Engineer: 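Sharing a structure here in structure tokens format.
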Amino acid sequence: MSIAGEIILKSLGAWVAIWGFSRLLNAPKKLECYTAGVGMIGWAVYLIVEVFNDGILMKNFLAAVAVALVSQAMARHFKAPVILFVIPGILPMVPGAGMYRIVYSIVMGPENMVGTYLLETATAAGAIALGIFLGEALQKVFFYEFHR
């Protein structure tokens, strides 16, 4: 399968997973598909950046910026809270496997890998947080300039 086909297939899988997550957490029925769409866009950006740059920092950062920008637009369009779109949007990027590896290394060993996993997980989480912050700041600047 081609790289584009893999990205499309994985993005659709992310849409299904996030739609289920939105259903589970009782998101408004009319917005479930859109919250899943934001997550799918974020995951697609993550996968596209991964093709060009395998670094965990860049792919999480750019995907989070995309999620923040799309979430702001969706929130304005549907007159809904931004957090309703941001949380499902970043769900595929959350470094859960890294957190698991940290705890597993602490409990079962090898202890020398704890620092490596901790740094990797903190980098991913920091990049996501910084991307959301920067995306929302960029949106506010551009929205203010556009409507001035």
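In this text the structure is predicted, and so the values were computed from the model without any measurement. Worth knowing before you read on, the calculation uses all heavy atoms, side chains too, and leaves out hydrogens, waters and symmetry mates. Numbers here simply count residues along the sequence, with the first being 1.
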Engineer: Is it possible for you to say whether Ile41 and Met74 belong to one hydrophobic cluster, with membership spreading through side-chain heavy-atom contacts below 4.5 Å?
Structural biologist: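 Yes, Ile41 and Met74 fall within the same hydrophobic cluster.
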Engineer: Do Trp43 and Trp15 come within less than 4.5 Å of each other through their side chains, counting heavy atoms only?
Structural biologist: no
Engineer: Using modelled atom types only, decide if a donor and an acceptor are shared between the side chain of Asp54 and the backbone of Glu50 within a distance under 3.5 Å.
Structural biologist: no
Engineer: Check whether any side-chain heavy atom of Lys59 sits under 4.5 Å from a side-chain heavy atom of Asn53, and report yes or no.
Structural biologist: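 They are not in side-chain contact.
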Engineer: Atom CZ of Arg23 and atom CD1 of Ile18: how far apart are they, to the nearest 0.5 Å?
Structural biologist: 15.5 Å
Engineer: Taking atom CD of Glu120 and atom CD1 of Ile102, what is their separation to the nearest 0.5 Å?
Structural biologist: 8.5 Å
Engineer: When the ring centroid of Tyr34 is compared with that of Phe85, is the distance short of 6.0 Å?
Structural biologist: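 Ring-ring flag for Tyr34/Phe85: false, centres at least 6.0 Å apart.
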Engineer: What's the shortest heavy-atom distance between Gly135 and Leu69, and which atoms?
Structural biologist: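 It is O-CD2, 3.2 Å.
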Engineer: What is the distance from atom CD of Glu136 to atom CG of Leu138, rounded to the nearest 0.5 Å?
Structural biologist: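 These two atoms lie 10.5 Å from each other.
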Engineer: To the closest 0.5 Å, what do you measure between OG (Ser105) and CG (Asn112)?
Structural biologist: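 Nearest 0.5 Å value for the OG-CG distance: 8.0 Å.
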Engineer: Residues sharing Tyr104's hydrophobic cluster, by side-chain heavy-atom contacts under 4.5 Å among ILVMFWY, directly or via others?
Structural biologist: Tyr100, Val103, Val107, Met108
Engineer: Does a side-chain N-to-carboxylate-O contact under 4.0 Å join Glu6 and Lys10?
Structural biologist: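 Judged by the 4.0 Å cut-off on N to carboxylate O distance, Glu6 and Lys10 do form a salt bridge.
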Engineer: Determine the minimum heavy-atom distance between Leu84 and Ala80, stating which atoms define it.
Structural biologist: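 Closest approach of Leu84 to Ala80: CD2-CB, 4.1 Å.
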Engineer: Treating Thr35 as the side-chain partner and Glu32 as the backbone partner, does any N or O pair qualify as donor plus acceptor under 3.5 Å?
Structural biologist: yes
Engineer: Have a look at Ser11 and tell me which of Ile7, Ile8, Leu9 forms a side-chain contact (heavy atoms from CB on, under 4.5 Å) with it.
Structural biologist: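 The side-chain contact (heavy atoms from CB on, under 4.5 Å) with Ser11 is passed solely by Ile7 among Ile7, Ile8, Leu9.
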Engineer: Going only through I, L, V, M, F, W and Y residues with side-chain contacts under 4.5 Å, is there a path from Tyr46 to Val51?
Structural biologist: yes
Engineer: Give a yes or no on whether Leu62 and Leu57 share a hydrophobic cluster (residues Ile, Leu, Val, Met, Phe, Trp, Tyr; joining criterion: side-chain heavy atoms under 4.5 Å apart).
Structural biologist: no
Engineer: Would you mind reporting whether Leu12 and Met40 have side-chain heavy atoms less than 4.5 Å apart?
Structural biologist: yes
Engineer: Evaluate the side-chain proximity of Val38 to Pro88: yes if any heavy-atom separation is below 4.5 Å, no if none is.
Structural biologist: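 The answer is no, as the side chains (C-beta and beyond) never meet within the 4.5 Å cut-off.
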Engineer: Would you mind reporting whether Leu119 and Thr123 have side-chain heavy atoms less than 4.5 Å apart?
Structural biologist: yes
Engineer: If you look at every heavy atom in Met93 and Ala63, which pair is closest and at what distance?
Structural biologist: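 Shortest heavy-atom separation between Met93 and Ala63 comes out as SD-CB, 3.1 Å.
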Engineer: Mind listing the closest non-hydrogen atom pair of Ile128 and Pro95 along with its distance?
Structural biologist: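 Between these two residues, the closest heavy atoms are CD1-CD, 4.3 Å.
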Engineer: Examine Ile90 and Trp19 and state if one hydrophobic cluster contains both, with Ile, Leu, Val, Met, Phe, Trp and Tyr joined whenever side-chain heavy atoms are less than 4.5 Å apart.
Structural biologist: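 Ile90 does not cluster with Trp19.
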Engineer: Is any side-chain heavy atom of Arg101 less than 4.5 Å from a side-chain heavy atom of Val114?
Structural biologist: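 No, every pair of side-chain atoms sits at 4.5 Å or beyond.
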Engineer: Side-chain heavy atoms nearer than 4.5 Å, only ILVMFWY residues, links allowed to pass through others: does that put Val45 and Ile87 together?
Structural biologist: no
Engineer: Within a radius of less than 6.0 Å around CE of Met58, do more than 12 heavy atoms belonging to other residues, nucleotides or ligands occur?
Structural biologist: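 Check fails, neighbour count at 12 or below.
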Engineer: Return the minimal non-hydrogen interatomic distance between Gly42 and Val67, and the atom names on each side.
Structural biologist: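 It is CA-CG2, 3.6 Å.
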Engineer: Could you report the tightest heavy-atom contact between Gly98 and Tyr117, atom names first, then the distance?
Structural biologist: O-CB, 4.4 Å
Engineer: Take a 6.0 Å sphere around CD1 of Ile3 and say whether it holds more than 12 heavy atoms from other residues, nucleotides or ligands.
Structural biologist: no
Engineer: Once rounded to the nearest 0.5 Å, what's the spacing between atom CZ of Phe133 and atom CZ of Phe61?
Structural biologist: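 Phe133 CZ to Phe61 CZ: 10.5 Å, rounded to 0.5 Å.
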